[in-house]
Colleague: 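Below: one structure in structure tokens.
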2 protein chains.
Amino acid sequence: MKEQNLQSYPGYALRRAANAMIGDLAKRLEAHGIRVVDATALLLIADNPGTTSSAIGRSLDIQRANMVPLLKRLEDADLIQRKPIDGKSLGLFLTAHGEERLAEIRATIDAFEAELIARVPAKHRDHLLPALNALWR
Amino acid sequence: MKEQNLQSYPGYALRRAANAMIGDLAKRLEAHGIRVVDATALLLIADNPGTTSSAIGRSLDIQRANMVPLLKRLEDADLIQRKPIDGKSLGLFLTAHGEERLAEIRATIDAFEAELIARVPAKHRDHLLPALNALWR
DNA sequence: AATTTTTGCTATAGCCTATAACAAAGTAGG
DNA sequence: CCTACTTTGTTATAGGCTATAGCAAAAATT
């Protein structure tokens, strides 16, 4: 099977690398009973207590409509709670249980990220993050 | 909104970059009426005339079951045809119409890939492909 | 005060992936 | 040769994630 043409495309490599990465991370986070996107939102709420659904959505490029089931899962798992901050918006906060779970989740993610960057040959390593950031930020 | 923690994760940047990239490519390929995955399979069939559904699936990590609707779309669009190579397997070939469309599709993809790599600062540029390949190959 | 925007939500559809099961054809070992 | 195993192509179905349209209430703007 001739695949050289495909493999010379950075876009192809980017997609394959991202798919492999996200699959690996998803498998590790399964042990915590949480999805990758949900964990990402949880991290963001932890760093921004009182933030809102729409603010999280804007930051992660998730439509308002899709935030609804996401936050419901986090709430059903007793990881976050919502408190009205005015008549319309709801502030998001981690529960005590959420803080404990997040510590474990963060440890898993940190280990994952360390292994990920370790797989990149040393001479290319420091270039990965800036190169990727140039593609979307 | 504090996002530094998230943005220091290569895994996060990888996912965001891949999503942005695939969205852009999908939009460009819409003009040709073809999906990204379908175009990828078409490229592979073009470079490996007579290859089979299962071989394409193995190369692109697509389950056999998911190759069925994919190839049906390519066949319905008169881009490929299937010819029995033994009593069980079907060889895949581009049609004349498929060859013509592929030339246009390939031009779109090549332009896209060139612009993608051009967005990466010069000093990081040559590191991107090897770094990404280390993450999945 | 009237208009526009924002927020949170429901409902729904589409894309892509994952699993289980099946029949028919091919392959390998005794 | 015959049996057991594997491969191929397929159907059916479910799940994860995304996208669009529409809605009501609250907030912001003018």
Side-chain angles (χ1 to χ4, degrees), chain A residues 1 12 15-16 18-30 33-41 45 48 50-77 80-92 136, chain B residues 1 12 15-16 18-30 33-41 45 48 50-77 80-92 136:
Chain A
M1 173 75 71
Y12 179 73
R15 182 160 51 127
R16 296 301 300 254
N19 284 348
M21 181 275 295
I22 212 77
D24 182 2
L25 181 56
K27 209 166 62 182
R28 296 189 192 206
L29 288 180
E30 247 178 40
I34 194 170
R35 300 181 190 178
V36 175
V37 187
D38 296 13
T40 310
I45 296 168
N48 301 276
T51 189
T52 63
S53 172
S54 49
I56 297 287
R58 270 191 299 273
S59 175
L60 299 180
D61 277 320
I62 300 174
Q63 310 282 326
R64 281 196 317 279
N66 297 326
M67 289 299 300
V68 177
L70 190 161
L71 293 179
K72 185 177 185 313
R73 284 191 299 270
L74 292 179
E75 199 172 36
D76 288 351
I80 64 164
Q81 54 183 334
R82 313 185 215 203
K83 295 178 186 167
I85 52 181
D86 60 29
K88 177 169 63 165
S89 298
L90 298 172
L92 304 174
W136 73 275
Chain B
M1 174 76 69
Y12 178 73
R15 184 161 48 125
R16 295 300 300 254
N19 284 348
M21 179 276 296
I22 212 76
D24 182 4
L25 181 56
K27 209 166 62 180
R28 296 187 192 207
L29 288 180
E30 247 177 40
I34 193 170
R35 301 180 189 180
V36 174
V37 187
D38 295 13
T40 310
I45 295 169
N48 300 275
T51 189
T52 62
S53 171
S54 49
I56 298 287
R58 270 191 300 274
S59 176
L60 298 180
D61 277 319
I62 299 174
Q63 310 283 326
R64 283 196 315 282
N66 296 327
M67 289 300 299
V68 177
L70 191 162
L71 292 179
K72 185 177 186 314
R73 284 190 300 269
L74 292 179
E75 199 172 36
D76 287 351
I80 64 163
Q81 55 183 334
R82 313 185 214 203
K83 294 178 187 168
I85 52 181
D86 60 28
K88 179 169 60 165
S89 300
L90 298 172
L92 304 174
W136 73 275

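Chain identifiers are assigned alphabetically (A, B, ...) following the order of the sequence lines, protein sequences preceding nucleic acid strands; residue numbering begins at 1 within each chain.
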Colleague: Give, for atom OG1 of A:Thr51 and atom CG of A:Leu90, the distance between the pair rounded to the nearest 0.5 Å.
Modeller: 11.5 Å

Colleague: Would you kindly give the NZ-to-P distance between A:Lys27 and D:dG15, to the nearest whole Å?
Modeller: 21 Å

Colleague: In whole Å, I'd like the distance from the CG atom of A:Leu29 to the P atom of D:dG16.
Modeller: 14 Å

Colleague: Give every donor-acceptor pair under 3.5 Å between a side-chain atom in residues 20-30 of chain A and any protein atom, sequence neighbours left out.
Modeller:
{"unit_1": "A:Asp24", "atom_1": "OD1", "unit_2": "A:Arg28", "atom_2": "NE", "d": "3.1"}
{"unit_1": "A:Arg28", "atom_1": "NH1", "unit_2": "A:Glu115", "atom_2": "OE2", "d": "3.3"}
{"unit_1": "A:Arg28", "atom_1": "NH2", "unit_2": "A:Glu115", "atom_2": "OE1", "d": "2.8"}

Colleague: Would you mind listing every salt bridge (Lys or Arg N to Asp or Glu O under 4.0 Å) that reaches into residues 59-73 of chain B, with sequence neighbours excluded?
Modeller: A:Arg16-B:Asp61, B:Asp38-B:Arg73, B:Lys72-B:Asp76

Colleague: Side chain of B:Lys88 only, please: which of D:dA26, D:dT7, D:dG16 is the nearest?
Modeller: D:dT7

Colleague: What is the distance from CZ of B:Arg35 to P of D:dT18, rounded to the nearest Å?
Modeller: 17 Å

Colleague: Enumerate the salt bridge (Lys or Arg N to Asp or Glu O under 4.0 Å) contacts for residues 82-92 of chain A, please, sequence neighbours excluded, ordered by first and then second residue.
Modeller: A:Glu75-A:Arg82

Colleague: Starting at the 5' end of DNA chain C, which residue's closest nucleotide do you reach first, A:Arg82 or B:Asp86?
Modeller: A:Arg82

Colleague: Going by the rule side chain to side chain contact (heavy atoms under 4.5 Å, CB included), which residues pair with A:Asn19 if we only count those two or more places apart in sequence or in a different chain?
Modeller: A:Arg15

Colleague: What residues form a side chain to side chain contact (heavy atoms under 4.5 Å, CB included) with B:Ser59, not counting sequence neighbours?
Modeller: A:Met1, A:Glu3, B:Leu44

Colleague: Give the rounded distance in Å between these two atoms: CG of B:Leu74 and P of D:dG9.
Modeller: 15 Å

Colleague: For B:Ser89, enumerate each residue passing the side chain to side chain donor-acceptor pair (under 3.5 Å) test, keeping only those at least two apart in sequence or located in another chain.
Modeller: none

Colleague: Please identify each residue that fulfils side chain to side chain donor-acceptor pair (under 3.5 Å) with B:Thr52, with sequence neighbours left out.
Modeller: B:Ser54

Colleague: Taking only residues two or more places apart in sequence, or in another chain, which ones meet B:Ala41 in a side chain to side chain contact (heavy atoms under 4.5 Å, CB included)?
Modeller: B:Ile56, B:Leu60, B:Leu70, B:Leu74

Colleague: How many whole angstroms separate atom CD1 of A:Ile34 from atom C1' of D:dG16?
Modeller: 15 Å

Colleague: Going 5' to 3' along DNA chain C, between which two nucleotides do contacts with chain B fall, using a heavy-atom cut-off of 4.0 Å?
Modeller: C:dC15 to C:dG26

Colleague: Does any residue of residues 52-70 of chain B have a heavy atom under 4.0 Å from DNA chain D, and if so, which ones, in number order?
Modeller: B:Thr52, B:Ser53, B:Ser54, B:Arg58, B:Arg64, B:Ala65, B:Val68

Colleague: Which angle, rounded to 10°, do you find between the first-five-pair axis and the last-five-pair axis of the helix from C:dA1-D:dT30 to C:dG30-D:dC1?
Modeller: 30°

Colleague: Using atom CG of B:Leu71 as one end and atom C1' of D:dT11 as the other, report the distance to the nearest whole Å.
Modeller: 15 Å

